[in-house]
Amino acid sequence: MREGGYKISLKFVDTELVANELCIGDVVERHIEDGDIVLFNRQPSLHKLSIMSHFVKVRPWRTFRLNECVCNPYNADFDGDEMNLHVPQTEEARTEAMSLMGVKHNLITPKSGEPIIAATQDFITAAYLLSYKDRFFDRKAFTTICMHMLDGRNQLDLPPPAIIVPKTLWTGKQIFNVLMRPNNRSPVMVNLDARCKSCVTRPGQYPDMDPNDGWLVVRNSQVMCGQMDKSTVGPGKKDSIFYVILRDYGPDEAVSAMNRLAKLCARYLTNRGFSIGVGDVYPTASLRKEIDHLVSAAYKKCDNIITTFQAGSLEKAPGCDMEQTLENSISGVLSKVRQQAGEHCINTLSRHNAPLIMAKSGSKGSDINVAQMVSLVGQQIIGGQRVPDGFQDRSLPHFHKNARQPSSKGFVKNSFYSALLPTEFLFHSISGREGLVDTAVKTAETGYMSRRLMKSLEDLSVKYDNTVRTSGGNIVQFQFGADNLDPADMEGAGTPVQFHRTWTHAESLTRDDDEPSLMPHEIGVICDSVLEPYRGRYVRKGLLHNEELNYEDDSDYAIDEHESGRRFLKSIKSYIDGLASRLRKVRTIAGYQGNTPIRETAQDHVDRTAKVAATTLRLFIRLCLDKFTKAHVEPGHPVGAVGAQSIGEPGTQMTLKTFHFAGVAGMSITQGVPRINEIINASKAISTPVITCPLLNKWQIEAAKVVKARIEKTYISDILCFIEVEWDSKSGHIVMQVDTDTLANMQAGVCVFDVAQAICDQRKLKVRPEDISVDKDMIFVRIRETDDLPPRSKTKSAAEESRDMMLRANFLRRTLPSVPISGYPEATRALIETTEENTYRVLVEGYGLRGCMATEGVVGTQVRTNSVMECVQILGIEAARTTIANEIAEVMGYMGIDLRHMQLLADVMTYKGEVLGITRFGLSKTRGSVLHLASFEKTADHLFDAVAGMKTDRIEGVSESIILGQTISVGTGGFEVVRYLGIRPGHLCQKPTLFEDSWRAEQKRRSNRSVAPLLQG
């Protein structure tokens, strides 16, 4: 037999032969060769092909085979990876594993509700190539491609061709119509509007007219426009086709569609061919010329900046010294070169260029990778800066001392195609080494962080009263995430329904041109009538008498157990009111005066642009309510373990030592793994404390300067013209001249007398008020012996007295310039930041939240600090909880983690009334289980203390139950079957068996039959 050109041998094996052998493996070894297809028959007496029950492909390797789409959650990359197979031993365990761990039930990540299993790499590339605008196939090619993805059991309903004359042709986009809905019996009707990776349309323009075909529009499983790329078939986006199928039609349909795509793309790419050659990275002559021009212009700019710096006329950037200003200026110029060269390279390459196809489709790499291969590699960054000096005053001995030119500090002007110079190669290697070291160190740091999170949160679960509790019964949250919704079921950004897409879906499913459009007032009436039964479920009750309140009552005198439900109903009503408002505007524009049309085409215009049909409206509300009901978190759900993994897993993707500038050069804020560690450790002293101060007058820079001067610590050295020691025949003085112009320009509200008072207030100086005098801008401090010096005695010589006075004078001369005259003691410095709206606010480096809140000109209610411990001291535990959640969100917000996980972590750290870190000390204050603490850290100490103190352990948590082999009280172990125990005396007597019952019934029936004639007589 031949199938697809390959020879296949069939062997028919009698099951009697199998039964007589030791095991099936022996049969395979003795009688069957590798690659044979083995057919087993059911009846042992038949030795030839009859009734086939199994169709087994024999494989000699001990390998798992899994669809490449599933590699992402396993982090599997086929470079020697190993896996362990755990076989459930009971039917109960088998059922649980299939229901809870089955791949099709885990297509989305509970971290954010985004799809984690979807098309990847080659599949995305093939889908991108297939969905080009210029892909046309004749009937033979189109049906062949369709059969690539169908398994022969599904019927194929061929769609009508896109082009009929002069030749019947189908488009590549129609292949995806078949992929989503192979035949008319399929219920899958996908409706989707999504932004593709290549979209260049700005907001306000018509996105479906995008010149790059970068806006995907699908209506009833028919692709109208747009390309398939990572955004629409890949993981990580809620706008992907598979996610929409999953949400609307369930996991089985989503898995089927994904499987069809995997088969289609693998076979299409095999037939078409896709590879990279030297020709793909060969730059054209015009590109080389343009890059040379860009590099030479950048070098000239850098030389000018260096010359200006050496002449001492470089303008200093705020918050930076001259060296930092120079480095920032040069780095800005050089980073711009790579960006411009990269853009020019991408624009000049052919659209058939293989690396470019991969970058644009999102399957692998980025535009920068392509640009580095073709145009130039660019500036190498080490530790956030240009390459530092490794030798004396230079990076390498190939350069002059103190050379600051681009080539001597890590700028690589060659591409990987043109080959790097030896110095450039070394710079590139240094940068690569830093990445490797960073990865190795980061693995240990994030691993320990994840372990601590898991140990602190592992036993938190949702109970049947909707509270989140520890295994000991302590309440951490009264409702998970304050709304009792599961992050895995969030369709929008933190909301269970994406209203716009759901409305489009309902509109497409119920499109009927004969159904009239509703009037604006009718929309509100139907909406209220449909929602009224649901409003009764979310009743608010009074605090004192538990009486039912009016639905519209929003006063504080209420117990609101169903706040999220009420809020969701209001959001539905708000969206529908928006549709009614739009309809009202369109009717006015179209030519309606009241309900009377002035133009004949008015109703047609309304129906085309803003029609709201009653059927569509009812279906939309029903879909929204169904999704909201499904989104509720189930009792027993291990929200703690899921939250710990959701925060810990993205930590491995964060860089270890990252600092970002808080809008101004010179102010860096710790980010990445170190910042997360600071937050969850509840560190008292953090590396970069910053207080953000919004201003009452945020439009004028002068007002910001006044506030800055009031907050920032100012020293005498900042306003000093000179300081000298004067001696006369009787005594000595320290003479200081204050620069009154500088003092006035600082706008700190300080005069010369305040400076003198500040000197008196410094106890360590021991200057008395009578020892200090002021004359205009001069301050005189008399030098005298202090009280801690030994008193004068007859034995003390004049030389010794003179020496003591000299020591005192030197001490004052050295110390007085460092005396603070204004500002807050712990506020190191303040900077003025310009926001995106061209307004100003003040950023304060250091501590002093209370002082900043009380500063005149600052909006005290909006001041915030990134120090959790200062926040809890000044504002209390609730403010600290909010700060923890906000700070984690600020560090990890771009990773798309649901806020509910961060709020749970913040609650765990604060629910005891104090901020407890996720450390062994914090854990021991919140958990009393000896085994739980011993399984974390200091095992011997905990066990020794428990034995010495005769402690008991109730074995309620996760760790303790695993150690002793008991059922965990989370998830499927979180409930118990309750049996009726209202036992009465008759319940405990011996019950007849099933056969006894049937025998007695038969005897009774026979006796009734024999007595019946007597009764009739």
Side-chain angles (χ1 to χ4, degrees), residues 160 162 173 177 189-195 199 201-211 213-226 239 244 248 492 495 497-532 534-535 552 568-625 627:
K173 289 180 170 55
N177 300 354
M189 303 285 269
V190 177
N191 292 286
L192 173 67
D193 291 70
R195 187 186 188 89
C199 183
T201 306
R202 293 190 181 94
Q205 298 175 334
Y206 293 106
D208 48 358
M209 302 297 287
D210 185 79
D213 198 22
W215 190 269
L216 180 69
V217 178
V218 183
R219 291 291 179 271
N220 289 345
S221 294
Q222 292 194 19
V223 180
M224 303 295 176
C225 62
D239 289 336
V244 171
D248 292 343
T495 57
V497 178
Q498 195 177 356
F499 288 121
H500 179 67
R501 196 193 67 76
T502 307
W503 173 259
T504 304
H505 183 55
E507 201 173 31
S508 301
L509 290 178
T510 58
R511 178 170 292 280
D512 183 1
D513 295 334
D514 297 331
E515 185 176 6
S517 174
L518 295 171
M519 299 287 185
H521 69 277
E522 293 175 334
I523 294 174
V525 172
I526 292 178
C527 175
D528 289 335
S529 67
V530 176
L531 292 179
E532 192 59 41
Y534 296 92
R535 288 172 176 166
E552 301 296 334
F568 184 71
L569 292 185
K570 286 181 180 178
S571 61
I572 293 177
K573 183 77 167 72
S574 173
Y575 183 80
I576 291 173
D577 287 345
L579 294 175
S581 174
R582 180 167 174 260
L583 178 60
R584 205 174 284 114
K585 287 178 184 175
V586 169
R587 283 169 65 88
T588 305
I589 294 168
Y592 267 92
Q593 194 168 12
N595 291 330
T596 309
I598 300 171
R599 300 182 195 147
E600 292 181 6
T601 58
Q603 188 57 46
D604 291 338
H605 182 87
V606 170
D607 288 346
R608 280 197 308 272
T609 53
K611 178 180 177 181
V612 178
T615 314
T616 305
L617 186 60
R618 293 179 191 278
L619 177 62
F620 168 72
I621 296 173
R622 184 170 60 78
L623 288 173
C624 291
L625 293 170
K627 287 179 181 178

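A salt bridge links D577 to K573: at least one charged side-chain nitrogen sits closer than 4.0 Å to a carboxylate oxygen. Taking the charged nitrogens against the carboxylate oxygens, R219 and D193 do have a contact shorter than 4.0 Å, which makes a salt bridge.
In this structure, CG on L216 lies 13.0 Å from CZ on R195, to the nearest 0.5 angstrom. Summarising the geometry, atom NZ belonging to K173 is positioned 13.5 Å from atom CD belonging to Q222; distances are rounded to the nearest 0.5 Å. Rounded to the nearest 0.5 Å, atoms CD (E532) and SG (C527) are 10.5 Å apart. Distance check: I576 CD1 to I621 CD1 gives 4.0 Å after rounding to the nearest 0.5 Å. For the atom pair CZ (R618) and CZ (R622), the distance works out to 12.0 Å, reported to the nearest 0.5 Å. Between atom CZ of residue F499 and atom OG of residue S574 there is a gap of 8.5 Å, rounded to the nearest 0.5 Å.
Minimum interatomic distance between K611 and D607 (heavy atoms only, all atoms of both residues): CB-O, 3.4 Å. Across all non-hydrogen atoms, the minimal contact from R501 to N191 is NH1-O, 3.4 Å. Nearest heavy atom pair, residue G591 against residue A602, reads O-CB, 4.1 Å.
The main-chain N or O of G578 is never found under 3.5 Å from a side-chain atom of S581 such that the two would form a donor-acceptor pair. Within the 3.5 Å criterion, the main-chain N or O of N177 finds no donor-acceptor partner in the side chain of S221. A donor-acceptor pair under 3.5 Å is formed between the side chain of E515 and the backbone N or O of T615. The closest donor-acceptor contact from the side chain of R599 to the backbone of A590 lies under 3.5 Å.
Put simply, the side chain of Q498 reaches to within 4.5 Å of the side chain of D239, judged on heavy atoms. Residues C624 and Y575 are not in side-chain contact: their nearest non-hydrogen atoms beyond the backbone lie 4.5 Å or more apart. Contact of the M224 side chain with the V218 side chain is not registered, since no non-hydrogen atoms from C-beta on lie closer than 4.5 Å. Counting heavy atoms from C-beta outward, L625 and L569 have side chains that approach closer than 4.5 Å. Side-chain contact between L192 and H505 is absent, with no heavy-atom pair separated by less than 4.5 Å. When side chains are defined from C-beta on, T588 does not count as touching K585, because their heavy atoms never get closer than 4.5 Å. At a threshold of 4.5 Å between non-hydrogen side-chain atoms, the residues D213 and C225 count as touching.
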Worked verdict on D248 versus K627 for salt bridge (charged side-chain N to carboxylate O under 4.0 Å, His left out): CA-CA 9 Å; D248 292 343; K627 287 179 181 178; 3.7 Å; yes
Full working for side-chain contact (heavy atoms from CB on, under 4.5 Å) between F568 and V497: CA-CA 9 Å; F568 184 71; V497 178; 3.6 Å; yes
Derivation and outcome, side-chain contact (heavy atoms from CB on, under 4.5 Å), residues L509 and M189: CA-CA 8 Å; L509 290 178; M189 303 285 269; 3.7 Å; yes
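With hydrogens and angles left out, the side-chain atoms of T510 and T616 include a donor and acceptor closer than 3.5 Å. In this model, no donor atom of one side chain and acceptor atom of the other lie less than 3.5 Å apart for S508 and N220.
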Donor-acceptor list for residues 516-526 side chains, cut-off 3.5 Å, not counting sequence neighbours:
from	atom 1	to	atom 2	distance (Å)
S517	OG	V612	N	3.4
E522	OE1	M519	N	2.8

